[in-house]
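The block underneath contains the structure these notes are about, expressed in structure tokens.
One-based numbering, in listed order, for ligands and for the atoms of each.
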Amino acid sequence: MKIGILTGGGDCPGENAVIRAVVKKADKYGYSVIGIKRGWLGLINGEVEPLTNFSVSGILPRGGTILGTSRTNPFKKEEDVQKVMSNIKKFGFDALIAIGGEDTLGVAKKLFDKGVNVVGVPKTIDNDLSATDYTFGFDTAVSIATEAIDRLHTTAESHDRVMVIEVMGRHAGWIATIAGIAGGADCILIPEKPFDIKEVCELVNNRHKRGRRFSIIAVAEGAMPVKGTKLVAQDESVDAFGHIRLGGVGNIIGKEIEKRTGFETRVTILGHIQRGGTPSAFDRVLATRYGVAAVDLIKNNEFGKMVALRGNKIVSANLEDAIAKLKTVDLDLYNIAEIFFG
Ligand code: F6P
């Protein structure tokens, strides 16, 4: 059995832990594993490297992905699909493991429909994939965002400032919600709940009237105002899956708060710091369990599936269900966060 493995989309802490687990578990079954470089691009261009127990030794705590990644979509061009199919044949892959979010797993599903033996591993710091309770990488991003909120608290208090912190989360505000609860944010703005800037300013004003001299506002990059609902993008460009590059809504919110309340306001955009560096212990363990389970899916001929976490059990889910719709923030959880607003 020869397994090809790739990482696609935005990199994510824990990818190397998955790769290591796949190689080590595959070795137990006598399977060989070949790494495909830079996501689907490597399968189009035929860029591969054999992975061994030796080559994956020591990568467990390393951030990023040793295979490299890209946001390449082979289904944009028919000739690229042909190249992917012929390279799968050329390298003799009996099965593929695709580690990725909705885009990478969407491609995996289309290849499965074309007869490729593919299984998926759910990865994204955004935690917005359906059919799994958690994607690996999310816990690390939340820890980083929470630490950032903690740090902003002390400087906000010292200077009597409003601090706006913008975190990642394109269409789902999971990082903002969980890190906001963990860090005690005074207001959390997420894509799922368009905000009214007047209400946000009222909240800040009320806090100050009660004698609190600072406020922390956690904002997901995909947060949108009720009026003139529009995502704030860095530029007009879109990637191969049609996504715009978000970022900057925090600056707009910060300026408005300062203008409307008169309180000095500063904005921090956390950006890729949330994606870089070593994975948390939770993500290392989850990624390891996912990698082991992905090899077992292959052993059991369960193709077209993704490993998933339900409760504390690793299960399998249909790729179709994982990508059918984004998993947005549970509003019951957001309601809990709201209790602590203001
Ligand atoms: O992978 C998910 C994500 O981190 C989103 O939260 C964010 O909008 C996007 O990727 C950023 O992508 P890039 O690294 O390509 O700018």
Using residues 87-97 as the side-chain source, report each donor-acceptor pair under 3.5 Å to any protein atom, sequence neighbours left out, with the distance given to one decimal.
residue: Asn87; atom: ND2; partner: Leu43; partner atom: O; Å: 2.7
residue: Asn87; atom: ND2; partner: Ile44; partner atom: O; Å: 3.1
residue: Asn87; atom: ND2; partner: Lys83; partner atom: O; Å: 3.4
residue: Asp94; atom: OD2; partner: Lys2; partner atom: N; Å: 2.6

*asked:* Could you check whether any side-chain N or O of Thr261 sits under 3.5 Å from a backbone N or O of Asn205, counting only pairs where one atom can act as donor and the other as acceptor?
replied: no

*Identify, with sequence neighbours excluded, every residue that meets side-chain contact (heavy atoms from CB on, under 4.5 Å) alongside Arg161.*
His159, Met163, Glu264, Arg266

What are the atom names and distances for all N or O pairs under 3.5 Å between ligand 1 and the protein?
residue: ligand 1; atom: 4 (O); partner: Arg275; partner atom: NH1; Å: 2.9
residue: ligand 1; atom: 6 (O); partner: Asp126; partner atom: OD1; Å: 2.7
residue: ligand 1; atom: 6 (O); partner: Asp126; partner atom: OD2; Å: 3.1
residue: ligand 1; atom: 6 (O); partner: Glu221; partner atom: OE2; Å: 3.3
residue: ligand 1; atom: 8 (O); partner: Glu221; partner atom: OE2; Å: 2.5
residue: ligand 1; atom: 10 (O); partner: Arg71; partner atom: NH2; Å: 3.0
residue: ligand 1; atom: 10 (O); partner: Arg275; partner atom: NH1; Å: 3.1
residue: ligand 1; atom: 12 (O); partner: Arg71; partner atom: NH2; Å: 2.9
residue: ligand 1; atom: 14 (O); partner: His272; partner atom: NE2; Å: 2.8
residue: ligand 1; atom: 14 (O); partner: Arg275; partner atom: NH1; Å: 3.0
residue: ligand 1; atom: 14 (O); partner: Arg275; partner atom: NH2; Å: 2.8
residue: ligand 1; atom: 15 (O); partner: Arg71; partner atom: NE; Å: 3.0
residue: ligand 1; atom: 15 (O); partner: Arg71; partner atom: NH2; Å: 3.3
residue: ligand 1; atom: 16 (O); partner: His272; partner atom: NE2; Å: 3.4

*Please determine if Lys193 forms a cation-pi arrangement with Tyr334, meaning its NZ or CZ atom is less than 6.0 Å from the six-membered ring centre and no more than 45° off the ring axis.*
no

*Applying side-chain hydrogen bond (donor to acceptor under 3.5 Å, both in side chains), which residue pairs with at least one partner in residues 99-110 are found, sequence neighbours left out?*
Asp103-His243, Lys109-Asp113

*asked:* Test your reading of the model: is there a side-chain donor-acceptor pair from Asp186 to the backbone of Ile216, 3.5 Å cut-off?
replied: yes

